[in-house]
Amino acid sequence: MRNPLADVPVPLLDDLIDDEYVRSLVVGVVGTLGLLGLFGLLFPGSVAGDLAGIVFSTSTAASTARLAAPIVLAGLGGIFAEKSGVINIGLEGLLIISAFASVYIASVVGIGNAVLGIPAIWIGFMAGIAASTLLAGVFGVVCIEFKADQIIAGLAVWLIALGLAPFMSTVFFGGVNTPNLGANVGWRYSAVMVVVATVASWWALNRTAFGKHLEASGENPKALDTVGVSVSRVRYAGVLLSGVLSGVGGSALALSIGQFVGSGETMVQGKGFIAIVAYLFGNYNPLGTLGAGVLFAGLDATQIRLQQLGYAVPDTLVQTIPYVVVIVVLALVGRTRLPAAAGDHYETEE
């Protein structure tokens with residue numbers, strides 16, 4: 001007798017299962033982890049045993065959650081911007097400015113103090129989101145209103161933040177690295193934020209009118225304009241959402257250790273660019289972006305632990321893995337496709 005529940009649709013599962021690309025990625029990752037765990041059990045004293053012990057440890061999970069937050073959240077923001085037709089490669093800059101602003105404002109309020117009952121660390125968190133959203137808004141005006149080249153404008157956002165945040169840290173704290181606040185947001189909060197943002201983003205993109213408008217704005221803005229929906233407003237919304245989500249990611253990163261580090265590439269260390277790789281790797285799917293972000297963060301967390309055990313694994317080599325992986329995937333699978341009108345300016349026909 002046929003099971004009557006077999007034909008009952010489950011939207012989220014159907015979207016994942018019917019996507020052969022996502023399914024192959026999931027099977028590949030799960031299979032690799034399974035083999036690693038098996039070799040770790042069979043050869044506990046080997047490199048595979050050490051690697052399995054690291055990968056499946058709670059400390060690596062905690063580190064992965066902390067490192068994945070800025071990648072996944074900025075990647076989700078990049079999806080909203082790019083699906084609207086605006087390529088925002090300034091995600092790195094948004095992460096940097098939000099990381100500094102969150103720590104600075106929390107220090108100004110004073111750890112242990114509160115404003116309207118809200119602890120200082122969460123005041124700083126909201127300030128980081130506001131700073132990132134403001135910078136994203138400026139980027140949006142430059143690209144949408146004044147029709148500047150989006151790639152150049154995105155690079156400008158990154159370079160401005162890369163110079164401004166360490167400079168402001170030097171002005172207020174006497175060095176590019178701020179003092180430690182003495183309090184931090186635990187990795188569990190970061191994990192919850194990532195999961196909630198991923199589910200909410202998936203729902204907004206696939207189950208709301210706004211999601212349909214966003215997709216039309218990036219694929220066929222003229223059609224969207226024809227039905228009376230402002231293309232500019234939709235694109236502004238997409239860019240501002242990229243600022244909000246990147247702000248959450250940058251603030252979570254800095255407040256997870258209670259300090260802003262402005263030396264070199266700053267504490268962000270290219271995570272904004274890896275976020276772009278993550279949503280391309282995930283084919284503009286929030287769930288795929290989550291998986292890619294966790295995978296890349298997990299590799300980073302693993303190499304840190306391997307170095308602590310004495311294995312000479314260059315961190316620069318590990319940092320190239322996301323870029324190499326996405327090139328291989330795009331070359332061999334070829335499922336990622338930019339929105340047709342991404343990067344193009346649109347003149348309303350009103």
Side-chain angles (χ1 to χ4, degrees), residues 9 11-16 18-22 72-91 94 133 136-154 157 197-246 275-290 292 330 333-350:
L12 184 58
L13 292 179
D14 284 351
D15 285 346
L16 283 174
D18 290 343
D19 192 331
E20 184 180 352
Y21 172 73
V22 174
V72 176
L73 290 164
L76 294 174
I79 291 175
F80 280 101
E82 199 154 316
K83 271 187 167 291
S84 75
V86 180
I87 301 173
N88 186 359
I89 67 168
L91 299 176
L94 300 181
T133 305
V138 173
F139 167 77
V141 170
V142 169
C143 292
I144 299 171
E145 186 68 25
F146 295 101
K147 298 178 175 54
D149 184 282
Q150 295 172 8
I151 303 300
I152 294 176
V157 168
T198 300
V199 173
S201 297
W202 183 91
W203 182 264
L205 290 169
N206 295 281
R207 292 293 183 268
T208 66
F210 171 69
K212 306 302 181 187
H213 294 164
L214 202 73
E215 184 172 2
S217 177
E219 294 290 348
N220 192 345
K222 183 176 181 179
L224 186 64
D225 193 18
T226 301
V227 298
V229 178
S230 172
V231 174
S232 293
R233 288 184 181 179
V234 172
R235 290 187 170 182
Y236 273 122
V239 171
L240 289 175
L241 278 172
S242 74
V244 171
L245 289 164
S246 296
I276 297 173
V277 173
Y279 72 71
L280 290 174
F281 186 78
N283 200 23
Y284 296 93
N285 184 331
L287 300 170
T289 302
L290 171 64
L330 292 178
V333 182
R335 289 295 302 273
T336 300
R337 184 185 66 83
L338 287 173
D344 296 338
H345 302 299
Y346 179 74
E347 291 282 356
T348 181
E349 297 184 356
E350 293 181 352

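Worth saying up front: this structure is predicted, and the values here are computed from it rather than measured.
Pairing each heavy atom of Gly243 with each of Ala136, the nearest pair is CA-CB, 3.6 Å. Considering all non-hydrogen atoms of both residues, Gly343 and Gln150 come closest at CA-OE1, 3.1 Å. Scanning both residues, Glu82 and Pro339, for their nearest heavy atoms gives O-CG, 3.4 Å. Contact between Ala153 and Val142 at its shortest, heavy atoms only, is CB-CG1, 4.3 Å. Listed here is the closest heavy atom pair of Asn88 and Ser242: ND2-OG, 3.1 Å. In plain terms, the two heavy atoms of Leu91 and Ala74 that are nearest each other are CD1-O, 3.5 Å.
Shown here are the side chain to side chain contact (heavy atoms under 4.5 Å, CB included) partners of Val234, two or more places apart in sequence or in another chain: His213, Leu214, Ser217, Leu224, Val229. Considering only residues two or more places apart in sequence or on other chains, Asn220 meets the side chain to side chain contact (heavy atoms under 4.5 Å, CB included) condition with Lys222, Ala223. Checked against side chain to side chain donor-acceptor pair (under 3.5 Å), Thr289 has no partners two or more places apart in sequence or in another chain. Among residues two or more places apart in sequence or in another chain, the salt bridge (Lys or Arg N to Asp or Glu O under 4.0 Å) test is passed with Lys212 by none. For Tyr236, there are no ring-ring contact (aromatic ring centres under 6.0 Å, His included) partners at least two apart in sequence or on another chain. Phe80 is linked by a ring-ring contact (aromatic ring centres under 6.0 Å, His included) to nothing, counting only residues two or more places apart in sequence or in another chain.
For the atom pair CG of Leu241 and CG of Leu76, the computed distance is 10.5 Å after rounding to the nearest 0.5 Å. The CG atom of Leu245 lies 10.5 Å from the CG atom of Leu94; values are rounded to the nearest 0.5 Å. With rounding to the nearest 0.5 angstrom, the CG atom of Leu240 is 10.0 Å from the OG atom of Ser84.
Side-chain contact between Arg235 and Pro221: present, with at least one pair of heavy atoms (C-beta onward) separated by less than 4.5 Å. Within the 4.5 Å cutoff, no side-chain heavy atoms of Trp203 are placed close to those of Thr198. The shortest side-chain heavy-atom distance between Tyr284 and Leu205 does not fall under the 4.5 Å cut-off. Residues Asn285 and Tyr279 fail the side-chain proximity criterion, which asks for heavy atoms closer than 4.5 Å.
Ion pairing between Lys83 and Glu219 fails under the 4.0 Å rule for side-chain N and carboxylate O.
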